[in-house]
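Below is one structure, written out as structure tokens, with a few remarks after it.
In this chain, residues are counted from 1 in sequence order.
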Amino acid sequence: MKIKSVLFLSIILFFCSFKLHLKFVQVEIGKAPIITSNNFNTIVKEGFVINCRKINDLGVIIHLDEQMKKQEILQLELHRYGNKEDVLIAYKSFTSASKEFQKKYTESDSLKLKLLIPEDQFNTSDFQINTLLFKTSYVVNDLVCSLKDKTHCNFYIVVKGYNKTGEKNNFGEDIYDDGKELSQRSITFKNWENKTQ
């Protein structure tokens, strides 16, 4: 009888510790960015295919948590991927110590950013092009809407945090770490429908 009681108690303790571990892991990483259209009013579903001639706009809602606000640089990244490639094509960075960030976002639990805009409008995306890989003459719409390679037409957004390593480069500027993902990845959206699958 004692063996059954000890075994039963051990099983209960195991499941309690497992549940606590899962809860801890969930706290570590934030909610996924939400992709929207129609001026942040419509939530885009997984696998959504963008028709860039017809789309009104594409926006992103980010849920800010305390861990994100503590990063020296908070960066929202737009990635394009397919096969074995995963490329950062555009981003929006915030310096958490800046007056702008402190004023606008320290008391806020979310932020909204424009990703794609109608082509006939002059206002621009809130995201910047990754100029290490793409020409400075491009805008985000070009990189998302113009690509016709069906194997590399998938996109997602993730929030990453970067902190100083304590080292400086040859120009005396701070060096940052490789960053870590602070949110789950958003749903995948596409700019090209592959009808062969």
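Gly30 and Asp65 make their closest contact through CA-OD2, 3.8 Å (heavy atoms, listed as atom of the first residue, atom of the second, distance). Nearest approach of Leu182 to Lys160, heavy atoms of both residues: CD1-C, 4.0 Å. Between Phe40 and Lys114 the shortest heavy-atom distance is CZ-N, 4.3 Å.
The shortest distance between side-chain heavy atoms of Ile34 and His63 falls below 4.5 Å. Residues Asp57 and Ile117 have side chains not in contact (no heavy-atom distance under 4.5 Å, counting atoms from C-beta outward). Leu64 is listed as a side-chain neighbour of Lys69, based on a closest heavy-atom distance under 4.5 Å. Annotation: side chain of Val140 is in contact with side chain of Leu115 (closest heavy-atom distance under 4.5 Å). At a threshold of 4.5 Å between non-hydrogen side-chain atoms, the residues Glu77 and Ile157 do not count as touching. At least one side-chain heavy atom of Pro33 sits less than 4.5 Å from a side-chain heavy atom of Val159. At least one side-chain heavy atom of Ile62 sits under 4.5 Å from a side-chain heavy atom of Leu76. Looking only at side-chain heavy atoms (C-beta outward), Met68 and Ser183 come within less than 4.5 Å of each other.
Annotation: salt bridge (Lys or Arg N to Asp or Glu O under 4.0 Å) contacts involving residues 29-48, sequence neighbours excluded, are absent. Judged as a ring pair (Phe, Tyr, Trp, His ring centres under 6.0 Å), the pairs with a partner in residues 86-112 (not counting sequence neighbours) are, in order, Phe94-Phe101, Phe94-Tyr105, Phe101-Tyr105.
Hydrophobic clustering of Ile, Leu, Val, Met, Phe, Trp and Tyr side chains at less than 4.5 Å, counting indirect connections, keeps Leu78 apart from Val139. Taking hydrophobic clusters as Ile, Leu, Val, Met, Phe, Trp and Tyr residues chained together by side-chain heavy-atom distances below 4.5 Å, Ile50 shares a cluster with Leu113. When hydrophobic clusters are built by joining Ile, Leu, Val, Met, Phe, Trp and Tyr residues whose side-chain heavy atoms come closer than 4.5 Å, directly or via intermediates, Leu58 is not grouped with Ile43. Ile61 and Val44 fall into different hydrophobic clusters, defined by Ile, Leu, Val, Met, Phe, Trp and Tyr side-chain heavy atoms under 4.5 Å apart, directly or through other members.
Within a 6.0 Å sphere centred on CG of Asn169, heavy atoms belonging to other residues, nucleotides or ligands number more than 12.
The backbone N or O of Ala97 lies less than 3.5 Å from no partner atom in the side chain of Thr95, so there is not a single donor-acceptor pair. Judged by distance alone, the side chain of Ser96 and the main-chain N or O of Ile73 form no donor-acceptor pair under 3.5 Å. Looking at Thr188, its side chain never comes within 3.5 Å of a backbone N or O of Asn154 through a donor-acceptor pair. Between the side chain of Thr165 and the main chain of Ile175, a donor-acceptor pair closer than 3.5 Å is present.
The distance from the CG atom of Asp177 to the OH atom of Tyr162 is 8.5 Å, given to the nearest 0.5 Å. Atom CG in Leu111 sits 10.0 Å away from atom NZ in Lys104 (nearest 0.5 Å). Expressed to the nearest 0.5 Å, how far NZ of Lys164 lies from NZ of Lys168 amounts to 6.5 Å.
Both the sub-6.0 Å distance and the 45° axial angle are not jointly satisfied by Lys92 relative to the ring of Phe127.
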For side chain to side chain contact (heavy atoms under 4.5 Å, CB included), just list the numbers for Val49 and Asn191, CA-CA rounded to whole Å, side-chain angles, deciding distance to a tenth of an Å, and then say yes or no.
CA-CA 5 Å; Val49 179; Asn191 74 342; over 6 Å; no
CA sep, side-chain torsions, deciding dist, call: Glu66, Lys70, salt bridge (Lys or Arg N to Asp or Glu O under 4.0 Å):
CA-CA 6 Å; Glu66 291 308 311; Lys70 291 176 184 173; 5.9 Å; no
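The ring pair (Phe, Tyr, Trp, His ring centres under 6.0 Å) search around Tyr156 returns His79, Tyr81, not counting sequence neighbours.
A donor-acceptor pair shorter than 3.5 Å can be found between the side chains of Ser93 and Gln75.
The six-membered or imidazole ring of Phe189 lies near that of Phe155, with a centre-to-centre distance under 6.0 Å.
Screening Leu133, Ile129, Val144 for a side chain to side chain contact (heavy atoms under 4.5 Å, CB included) with Ile89, the sole residue that qualifies is Val144.
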